[in-house]
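The analysis underlying the following values was restricted to heavy atoms, covering all of them including side chains, and did not include hydrogens, waters or symmetry mates.
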Amino acid sequence: MATRLSEVAKYAGYSEATVSRVLRDVPGIGADTRNAVLTALDVLGYQRPTRHRREQGSLVGMVLPDLHNPVFPAYAEAMAGALVRRNLIPVLCTRTADGVSEAHYIEMLLARKVAGIIFVAASYVDAGPEQTKALRARKLPIVLINEADENLGVPRVAVDDAVAVDLAMTHLRDLGHQRIGLIVGPRGHVPSERKLAEFHRLGGTLVAHTMFSIAGGQTAVAPLLEAGVTAVVCASDTLALGAIRGARKQGRRVPEELSVVGFDDSVYMPMMDPPLTTVRQPIAAIGVAAVNSLVAQIERRPVALDEELFEPELIVRASTAAAP
């Protein structure tokens, strides 16, 4: 029992004494504390005390592309905290290299009667026709964060990609850059297309499409350098790190000869060489908004189907400088 108390206390973030008081139903325990302890029991596989079993938290799937890009664990952390505070149990589902797909996760989640699913940088439509049909038939609550494809009629929360590009371009032009390139993801990828549309609106023409990886950024920057760019705006921090690597392989100095702006502001960007100038996603706010929308659906309250957009913030560091 002592081992269980210690384990539950560590997971819930409270003392063993507090956990004990919750389990004994001692008066004066706050609702948030009580929910956190009961959720810890659920997640760790311990049975709740009889008096609390009717309050069993429901499972919520969090479907993410991967955990290699630091922005996705950040989203998972933000959503998990918000879900636990609502007495819901987060279930992390990430696509894997050995073939565990969105379709597979949807089948598993439906079999366990989840309360809802939040998709990050993905699209439930892409999971497959059978899974999409099953989700619609169940009328399962769904929220999309930074959707990869257009999904009208589904609650969606996203960062404003147009504002992100505008912030980056304004910063670079203020530094004197005129020939600015854009590195984005594959054609058809919604966030990339939105960034591209704003880039064109602002007069940009030099564009490279690639996969979201360091290797992709490294490959994509080469033709832009040949075209004479002095700065590049990248659709992710990962692409930006690849662009810096590619520039250095060609003997270009960053930021003296090439300024680079990323997107996300993932956790290690201040520690890069040079520290990366980037456009920060408001991850915590977006994660909480997605959970609030999901909970409203679970409770059968009306929710807006218009996409809810959040403004990003430019974080200036040392990877940008005056145009050469």
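- Here the CD1 atom belonging to Ile298 is positioned 9.0 Å from the CZ atom belonging to Arg86, to the nearest 0.5 angstrom.
- A distance of 10.5 Å separates CE in Met62 from CG in Leu109, rounded to the nearest 0.5 Å.
- If you chain together hydrophobic residues whose side chains sit under 4.5 Å apart, Leu5 and Leu41 fall into the same group.
- Checking Thr278 against Asp237 by side-chain atom types alone, a donor-acceptor pair falls below 3.5 Å.
- Rounding to the nearest 0.5 Å gives a distance of 8.0 Å between CE of Met79 and CG of Leu92.
- Listed for the Arg179 side chain is no donor-acceptor partner under 3.5 Å among the backbone atoms of His177.
- The shortest side-chain heavy-atom distance between Val159 and Pro282 falls under the 4.5 Å cut-off.
- Residues Val254 and Leu239 share a hydrophobic cluster, clusters being chains of Ile/Leu/Val/Met/Phe/Trp/Tyr side chains in contact below 4.5 Å.
- Under a 3.5 Å cut-off, the side chain of His200 and the backbone N or O of Gly204 do form a donor-acceptor pair.
- In this structure, the side chains of Ile106 and Phe119 come closer than 4.5 Å at one or more pairs of heavy atoms.
- Under the 3.5 Å distance criterion, the side-chain polar atoms of Ser319 are matched with a main-chain donor or acceptor of Val260.
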I'd like to know whether Asp166 forms a salt bridge (Lys or Arg N to Asp or Glu O under 4.0 Å) with Lys195, so could you lay out the CA-CA distance, the side-chain angles of the two residues, the decisive distance to 0.1 Å, and finally the verdict. CA-CA 9 Å; Asp166 186 70; Lys195 290 182 177 72; over 6 Å; no

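- Not one N or O on the side chain of Asn69 forms a donor-acceptor pair closer than 3.5 Å with the backbone of Phe72.
- With salt bridges taken as basic N to acidic carboxylate O contacts below 4.0 Å, none links Arg252 and Glu257.
- Proximity of Ile180 to Thr230: side-chain heavy atoms (C-beta onward) are nowhere separated by under 4.5 Å.
- Sorted by first then second residue, the side-chain hydrogen bond (donor to acceptor under 3.5 Å, both in side chains) pairs that include residues 71-81, not counting sequence neighbours, are Tyr75-Asn146, Tyr75-Gln281.
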* Could you please spell out the steps behind the side chain to side chain contact (heavy atoms under 4.5 Å, CB included) verdict for Thr18 and Thr33? => CA-CA 8 Å; Thr18 298; Thr33 302; 3.5 Å; yes

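- By the 4.5 Å heavy-atom criterion applied to side chains, Val114 and Val60 are not counted as neighbours.
- At least one side-chain heavy atom of Val63 sits less than 4.5 Å from a side-chain heavy atom of Ile117.
- With Tyr14 contributing its side chain and Val37 its backbone, the two residues share no donor-acceptor pair below 3.5 Å.
- Using modelled atom types, one side-chain atom of Thr219 and one backbone atom of Ala215 make a donor-acceptor pair closer than 3.5 Å.
- The number of heavy-atom neighbours closer than 6.0 Å to CZ of Arg317, taken from other residues, nucleotides and ligands shown, is above 12.
- Cluster membership for Val261 and Phe199, using ILVMFWY side-chain heavy atoms within less than 4.5 angstrom, is shared.
- Here Ile214 contributes atom CD1 and His68 contributes atom NE2; the two are 11.5 Å apart, rounded to the nearest 0.5 Å.
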Requested in this report: Could you please spell out the steps behind the salt bridge (Lys or Arg N to Asp or Glu O under 4.0 Å) verdict for Glu7 and Lys10?
Outcome: CA-CA 5 Å; Glu7 193 175 359; Lys10 182 177 179 181; over 6 Å; no

* Let me see the working for Leu172 and Val233 under side chain to side chain contact (heavy atoms under 4.5 Å, CB included), right down to the final yes or no. => CA-CA 9 Å; Leu172 292 171; Val233 178; 3.6 Å; yes

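- You'll find the side chain of Met269 reaches within 4.5 Å of the side chain of Ser266, heavy atoms only.
- For the atom pair CD (Gln250) and CZ (Arg245), the distance works out to 14.0 Å, reported to the nearest 0.5 Å.
- Cluster membership for Val84 and Leu23, using ILVMFWY side-chain heavy atoms within less than 4.5 angstrom, is not shared.
- The structure places NE2 of His104 at 9.5 Å from SG of Cys93, a figure rounded to the nearest 0.5 Å.
- By the 4.5 Å heavy-atom criterion applied to side chains, Val157 and Phe310 are counted as neighbours.
- Considering only residues two or more places apart in sequence or on other chains, His209 meets the ring pair (Phe, Tyr, Trp, His ring centres under 6.0 Å) condition with none of them.
- Follow the hydrophobic side-chain contacts under 4.5 Å out from Phe212 and you never reach Val165; the two are in separate clusters.
- Formation of a donor-acceptor pair under 3.5 Å by the Arg112 side chain with backbone atoms of Met108 is found in this model.
- The environment of CE in Met211 is sparse: at most 12 heavy-atom neighbours from other residues, nucleotides or ligands sit within 6.0 Å.
- Taking each heavy atom of Ala220 and Ala208 in turn, the nearest pair found is O-CB, 3.6 Å.
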> After noting the C-alpha distance and the side-chain angles of Ile118 and Val291, does the key distance pass the side chain to side chain contact (heavy atoms under 4.5 Å, CB included) rule?
Replying inline: CA-CA 8 Å; Ile118 301 175; Val291 169; 4.1 Å; yes

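- With Gln297 contributing its side chain and Ile142 its backbone, the two residues share a donor-acceptor pair below 3.5 Å.
- Under a cut-off of 6.0 angstrom, the local environment of CD in Glu311 is sparse, with at most 12 non-hydrogen atoms contributed by other residues, nucleotides or ligands.
- The backbone N or O of Ala111 lies less than 3.5 Å from no partner atom in the side chain of Glu107, so there is not a single donor-acceptor pair.
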Evaluation steps, side chain to side chain contact (heavy atoms under 4.5 Å, CB included), between Leu258 and Val229 = CA-CA 8 Å; Leu258 180 72; Val229 301; 4.1 Å; yes

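- Every salt bridge (charged side-chain N to carboxylate O under 4.0 Å, His left out) that Glu307 has, sequence neighbours left out, goes to Arg194.
- Annotation: Arg300, atom CZ; neighbour count of heavy atoms from other residues, nucleotides and ligands within 6.0 Å does not exceed 12.
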- Could you walk me through whether Thr320 and Thr277 pass the side-chain hydrogen bond (donor to acceptor under 3.5 Å, both in side chains) test, one step at a time? CA-CA 6 Å; Thr320 51; Thr277 294; 3.0 Å; yes

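- Between the side chain of Ser259 and the backbone N or O of Ala231, no donor-acceptor pair lies under 3.5 Å.
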